[in-house]
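Everything on this sheet refers to the single structure shown next.
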Amino acid sequence: TTMTSPSPSSSSSSSEKDTTTTTTTYHHAGDGDAEWEKQAQRKRESVNALIPPEWRLSHIPSRDEQRDATSYIRQFLTQREIDITEGMDAYDLVSLLQGGKISSVEVTKAFCHRAALGHQLTNCLLEIFFEDALKHAQEHDDYIAKYGKSTLPLFGLPVSLKDQCHVPGVETTMGYVGWIGTFEGKHGTGKEKKFSSEIVRELRQAGAVLFCKTSVPQTLMAAESFNNIMGYVWNPKNRLLSAGGSSGGEGALIGMRGSPLGFGSDIGGSIRIPAAFNGLYGLRPSHGRFPYQGMANSMDGQNTVHSVIGPIAPSARGLKLAAKAILQQEPWYHDPNVVQLPWRDEIEKSVLDIIASATPSSSSSSSSSSSPSSSENNSKNNNNNNKEGGGLCFGIIRDSRVVTPQ
C-alpha cells in the first residue's frame, strides 16, 4: 500500500492549513501492481473485516475535518461503555472483576468496541481477535458464577499487545508484507499461528483477556509507526501528528482509551516515546526483568543493547499492577534470561518513606515564615533529609529550541 501523505510535522500550528497532510488514502492493488501490494491489501482487508458490521463507521472524516479521534468516537459509545473505558483504570477494573462486581464480557466488549472505532481513524491495530477474547471473558464470568471471586492479578482484564507477541491462533507480521502467512518470514515451520511468546502465556496465566495486537513500523527501529500493511498510525488527539514508535499502535490505542493496559517493547525509546506522545505512563524495565523469550524481532542475535518488554497504561498504578502480575508468575523459571527477583514491597515502602520524610509539611512551611529561628531549624531538617536521599526532582525542557511541539 502507498499513502498520499508524508510523515506529519510535529511543529505545525493548529491555525495553519497543512496542505500536505490530507486524508490517508490507500492505493488499491490492480492488475498492473506488484504482488506484494496485492498481498498487503488482502491482509489489511481481512483484518478490517473482523470488525463487527455494527461497529463500522459509515463515514470516516478526513484528518483536517476531524483531528481529535478520542472525542469523535464517544458519540458511537453508550454511556455505560464510556464509564467503563474512561472512568476506571486497570487497577479499578481488576478490583471489580475479581469480586464479580462487573462482568468481564461487558468490560471486554466495551474496550473491543472502542478499539474498533479508534482503529478506523488511526490505523492502530494489526491483528483483531475480539471473538476469541469474548469467549475467554465468558470463561472468567463462568468462574465467578461458580466460585464467587478470584485472586488472579489481572483477572478478566482486557490487555492489548504490540505485534511482536506471538499469540496462538493469530498471525504475527510485525508490519512486514513478507511475513504474511509465515512464521517470522519462514514457510513450513509448523509454528504458524501455533507458537506462543512467554509473555503471552504468563499474561493469560495471570487472568488477562488478550483481544488485539497493535501496529508497528516495519523493522521496529523508528520513532513513528508506518508499515505497508496498515499504513501510518496517527495520534488520536491530533490526527495530523504522529502517535510515536515503535510501540505507536499501543500508544494510540491506549491514548484513546481503547485498552486499559498494554505491552510494548523498547530499546531506545519505543515505549517511552509513544507514552509521551499520547499522555500515558510507560515503563522500560532493565534487561532481564520481564520475559522476552519467544518475541518476534528484526535483529535476532543483537546483544549490544537489549530490547525489553514493558507495560503502557493511563495511570502509574496500572504499570505497578502489570509489573507485579508478571513477577508473580515467576518468569525466571521459564525464561533463563530473567533475573530471579520478585516484587519487593519493603523496597518500595522504603523509597516512599524517604520521599515522604524529605517533603516539608504544611505546618513547617507556615512556621518557617513566622520567625527566623524556625526558618533555621527547617533548613537544618531539610539538610538532614537530603542526606537520606531527598525528594524526587524533575527538570522539564519544554522544547528542543529547534522543534516546538503543539
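Because the structure is a prediction, the values reported are computed rather than measured.
Distance CD1/Ile254 to CZ/Phe263: 9.5 Å, rounded to 0.5 Å. Rounding to the nearest 0.5 Å gives a distance of 4.0 Å between NE2 of His59 and CD of Glu65. Rounding to the nearest 0.5 angstrom, the gap separating the NZ atom in Lys162 from the OG atom in Ser270 is 4.5 Å. How far CG of Asp68 is from CZ of Arg239: 9.5 Å, rounded to the nearest 0.5 Å.
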Q.
Between Ile267 and His287, is the side-chain contact (heavy atoms from CB on, under 4.5 Å) condition met? List the steps.
A. CA-CA 10 Å; Ile267 291 182; His287 170 64; over 6 Å; no
Q: Assess whether salt bridge (charged side-chain N to carboxylate O under 4.0 Å, His left out) is satisfied between Asp353 and Lys349, documenting all intermediate values.
A: CA-CA 6 Å; Asp353 287 344; Lys349 184 178 183 302; 3.0 Å; yes
(Q) One pair to check against salt bridge (charged side-chain N to carboxylate O under 4.0 Å, His left out): Glu45 and Arg42. What are the steps and the verdict? (A) CA-CA 5 Å; Glu45 290 174 349; Arg42 288 193 296 269; over 6 Å; no
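Contact detail for Pro153 and Gln329: the closest heavy-atom pair is CG-NE2, 4.1 Å. The two residues Ala252 and Ala243 have their closest heavy-atom pair at CB-CB, 3.9 Å.
Two residues are said to be in side-chain contact when any heavy atoms from C-beta on lie closer than 4.5 Å; Leu126 and Ser215 meet this criterion. In this structure the side chain of Pro236 never reaches within 4.5 angstrom of the side chain of Arg257, judged on heavy atoms. Residues Ile84 and Phe111 meet the side-chain proximity criterion, which asks for heavy atoms closer than 4.5 Å. The shortest side-chain heavy-atom distance between Leu125 and Met230 does not fall under the 4.5 Å cut-off. Residues Lys149 and Gln98 are not in side-chain contact: their nearest non-hydrogen atoms beyond the backbone lie 4.5 Å or more apart. Between Arg401 and Asp399, some side-chain heavy-atom pair lies under the 4.5 Å cut-off. A heavy-atom distance below 4.5 Å is not found between the side chains of Arg204 and Ser196. Between Ile199 and Cys165, the closest side-chain pair of non-hydrogen atoms falls below 4.5 Å.
Screening residues 294-311 for side chain to side chain donor-acceptor pair (under 3.5 Å), with sequence neighbours left out, gives Tyr176-Ser298, Tyr292-Asn297, Tyr292-Ser307. Residue pairs that meet the salt bridge (charged side-chain N to carboxylate O under 4.0 Å, His left out) test with at least one member in residues 167-187, sequence neighbours left out, are Lys43-Glu171.
In terms of the side chain to side chain donor-acceptor pair (under 3.5 Å) criterion, Asn337 has no residue partners (sequence neighbours excluded). By the side chain to side chain contact (heavy atoms under 4.5 Å, CB included) test, Pro285 pairs with Leu283, Arg289, Phe290, Val308, sequence neighbours left out. Residues meeting the salt bridge (charged side-chain N to carboxylate O under 4.0 Å, His left out) test with Asp92, sequence neighbours left out: Arg317. Contacts of Ser315 classified as side chain to side chain donor-acceptor pair (under 3.5 Å), with partners at least two apart in sequence or in another chain: Asp89.
Under the 6.0 Å cut-off for aromatic ring centres, Phe195 and Phe183 qualify, their centroids lying closer than that.
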